[in-house]
Amino acid sequence: MTKDQLIARLGDIEWEDFEVKEASFKIPKNTWETVSAFSNTAGGWLIFGIRQKSKSFEIIGVENPEKTEQDFTTTLRGEKFNVKIRPVCKKFDFDEGTILAFYVPLSNKKPIYFGTPINTFLRTASGDQRATPEEVDAMYRDQAFGTRTSVTIPEFDDSSINNHSVERYRDYMSRFNPSHSYNKLTRNELLSKLQIVEDGKMTFAGLLFFGRNEMIQRIFTDFRIDLLEIPGTSYSDSSKRYTYRMVEQENLWEYYFTAFDRIRQKIDLPFKMGEEGFAIEDYPYMEALREALVNMLMHTDYFSPAKPRIRIFDDRIEFYNPGGLPVSLKKLLEIDTSMPRNPILAKSFRAVKLAENAGFGFDKMMNGWKSYKGIEPVFDIHIDATIVTFPLQINDVPEIDEEKGGIKGGIKGGAQGGAQEGKKRLTKKQREVLELIKINNTISIEIAATKLEINRSAAQKRFEILKNNGIIIRESGKSGGFWKVLIDL
């Protein structure tokens, strides 16, 4: 960070990767919460010598910058945290005083906490939140990211394989990737090359990909990939819990075909047939959905108690993937290398051209869906899960028109506005948020999203619309604050 960049950030608001502290005479106690949160989430800049006044910042400077810097860095390298943290340190001189800036990097040894694991924090928007026990458990599992499913299972050998699935895989490869050298291999050579079997023993990934269901269930209790079709836009407005639920399949390879066949029925496709008599689906938007499905299957944390799930609502398709990303989404979009949670699964899907060889396929998902609906999918990233939502209608979150007091945005929302007795009208979705706040004015966006059965980004957008239109306001800062209803509509 340069001095100009710091000035630019001070003209903005605090966000995921930026936090200011007064620290003029001593380091505030809540500094350690922010250090933990940055280390566990995506890294960030911690600035000393700044006072926050409402929505603006005031430079007050650090009284003894050399001592403060030494105290801070010594603490991070000492015994306070479970892992030694080495921040990047910078000093900036202003007329008002000296500012200290510390970049706390994302750690690859999460969870990072001080004292005990209960002091594990995560960064959400511009605040630090204590991690739940489930989130801490997920971080411990992530310490084995990219290695756990590559381990062999001593008591499982070649007899645990579903041979029909292997033959189906070989047939698929011969048709859709005929030039691949693996086509020349024998069955056993192929299983060895893909690392399905090593030294006569099944790997965890191999069992998941090609195993017999009864054998998989011995290791992964209640193994399944859920696909539900819900009539409505949420469970609350649905007359039934679901109208379709995908039946249990043998393994991941079989789940892929059954799930994708069901998904494609929800998309309008012009029919095209290839020379071999198979339907051709070389449409970018179908590739986007295929990429999302395969991404979910090969990046799921199968040791998590949560299960991968696809939910098809009237207005969207959601892919819920237990397991967070190895680095932030922003970072993944900047690099062209892949860091799969389950490398053997990734290799097996790539050998038959069902997954990208580089990266996570986010560009294919975004560009492909944009070509279909004119909008990109929404990526909702959590420490222990990733949710990808493909909107089927462009009317997800209508916005209040500030000038006319009506509603604008969305295919259906455009004509619904207008003034009503001089008051602003809210959509049903925005009113649901307002009612939750009335019941519990300390409710977090995460809890609201759970209660409304929507993803976090959609919930945050509803909160922002209410804030921007002067209907609600957040009082008492970032920690221990509450929502105040200014206009009860």
Side-chain angles (χ1 to χ4, degrees), residues 1 3 5-7 9-10 12-94 96-132 135-136 139 328 383 444 474 476-481:
M1 175 180 286
K3 190 172 183 178
Q5 289 171 334
L6 173 61
I7 294 171
R9 291 302 299 266
L10 291 176
D12 199 351
I13 61 173
E14 290 181 285
W15 203 236
E16 279 111 335
D17 63 344
F18 192 76
E19 174 81 13
V20 302
K21 307 285 185 185
E22 288 192 24
S24 54
F25 299 102
K26 63 180 180 178
I27 299 172
K29 292 182 179 180
N30 62 4
T31 297
W32 314 123
E33 297 177 5
T34 302
V35 170
S36 170
F38 281 160
S39 298
N40 289 321
T41 309
W45 284 96
L46 184 57
I47 313 298
F48 288 173
I50 301 291
R51 176 186 294 147
Q52 185 171 1
K53 297 179 63 177
S54 184
K55 294 184 179 180
S56 63
F57 297 116
E58 176 187 3
I59 298 175
I60 59 174
V62 175
E63 185 73 17
N64 190 337
E66 288 75 19
K67 183 179 184 303
T68 299
E69 179 179 358
Q70 189 65 32
D71 289 347
F72 181 70
T73 56
T74 299
T75 300
L76 297 192
R77 290 195 296 266
E79 303 300 321
K80 188 176 186 69
F81 284 85
N82 61 313
V83 171
K84 296 185 186 303
I85 302 169
R86 293 175 172 79
V88 175
C89 308
K90 289 183 177 291
K91 184 173 71 172
F92 302 105
D93 293 320
F94 291 86
E96 298 89 342
T98 298
I99 301 298
L100 296 178
F102 303 95
Y103 183 77
V104 179
L106 169 67
S107 176
N108 60 359
K109 297 179 180 179
K110 299 179 289 185
I112 305 300
Y113 56 84
F114 55 96
T116 67
I118 196 173
N119 291 323
T120 301
F121 287 80
L122 298 172
R123 190 74 173 171
T124 58
S126 58
D128 304 323
Q129 302 291 332
R130 193 180 300 273
T132 65
E135 289 169 331
V136 173
M139 284 187 269
S328 68
I383 195 71
S444 67
R474 185 72 177 177
S476 298
K478 300 183 293 301
S479 59

Quiz item: Does the ring center of Trp45 lie less than 6.0 Å from the ring center of Phe18?
Solution: no
Quiz item: Would a 4.5 Å heavy-atom cut-off, applied to side chains only, mark Glu135 and Leu122 as touching?
Solution: yes
Quiz item: So, Asp93 side chain and Thr98 main chain: donor-acceptor pair closer than 3.5 Å or not?
Solution: no
Quiz item: So does Glu69 pair up with Lys90, basic N to acidic O under 4.0 Å?
Solution: no
Self-check item: Pairwise distance CD1(Ile112) to NZ(Lys84) - rounded to 0.5 angstrom
Solution: 12.0 Å
Quiz item: With a 4.5 Å heavy-atom cut-off, do Pro87 and Leu76 have their side chains touching?
Solution: yes
Self-check item: Pair Arg130 + Glu33: basic N to acidic O under 4.0 Å
Solution: no
Quiz item: Could you go step by step and tell me if Ile27 and Thr68 meet the side-chain contact (heavy atoms from CB on, under 4.5 Å) rule?
Solution: CA-CA 7 Å; Ile27 299 172; Thr68 299; 4.2 Å; yes
Practice problem: Show your reasoning for whether side-chain contact (heavy atoms from CB on, under 4.5 Å) applies to Thr73 and Cys89. | Solution: CA-CA 9 Å; Thr73 56; Cys89 308; 3.6 Å; yes
Self-check item: Separation of Glu19 CD from Leu46 CG (nearest 0.5 Å)
Solution: 7.0 Å
Exercise. Please lay out, stage by stage, how Glu63 and Lys26 fare under the test salt bridge (charged side-chain N to carboxylate O under 4.0 Å, His left out).
Key: CA-CA 9 Å; Glu63 185 73 17; Lys26 63 180 180 178; over 6 Å; no
Practice problem: State, with a plain yes or no, whether a side-chain heavy atom of Asn30 is found less than 4.5 Å away from one of Asp128. | Solution: no
Self-check item: Closest contact, heavy atoms only, Thr120 versus Pro111
Solution: CG2-CB, 3.9 Å
Quiz item: Taking the six-membered ring for Trp, are Trp32 and Phe81 parallel (under 30°), tilted (30 to 60°) or perpendicular (over 60°)?
Solution: perpendicular
Practice problem: List for me each residue that meets ring pair (Phe, Tyr, Trp, His ring centres under 6.0 Å) alongside Phe94, sequence neighbours excluded, and say none if there are none. | Solution: none
Exercise. Taking the side chain as every heavy atom from C-beta outward, state whether Val104 and Ile85 have any atom pair closer than 4.5 Å.
Key: yes
Quiz item: In Å and rounded to the nearest 0.5 Å, what is the CZ to OG distance from Arg86 to Ser107?
Solution: 11.0 Å
Quiz item: Considering only heavy atoms from C-beta outward, does the side chain of Phe72 approach that of Phe102 to under 4.5 Å?
Solution: yes
Exercise. Compute whether any side-chain donor of one residue and acceptor of the other, for Asn40 and Ser36, lie under 3.5 angstrom apart.
Key: yes
Quiz item: Got a second to check how far Ile59's CD1 is from Phe92's CZ, nearest 0.5 Å?
Solution: 11.0 Å
Self-check item: Residue pairs, two or more places apart or on separate chains, that pass salt bridge (Lys or Arg N to Asp or Glu O under 4.0 Å) and touch residues 41-52
Solution: Glu22-Arg51, Arg51-Glu58
Quiz item: Out of curiosity, Phe48 CZ to Ile99 CD1, how far, rounded to the nearest 0.5 Å?
Solution: 11.0 Å
Exercise. Decide side-chain contact (heavy atoms from CB on, under 4.5 Å) for Lys91 and Val62; before the verdict, give the C-alpha distance in whole Å, the side-chain angles of both, and the deciding distance to 0.1 Å.
Key: CA-CA 10 Å; Lys91 184 173 71 172; Val62 175; over 6 Å; no
Self-check item: For Asn82, side-chain hydrogen bond (donor to acceptor under 3.5 Å, both in side chains) partners two or more places apart
Solution: none
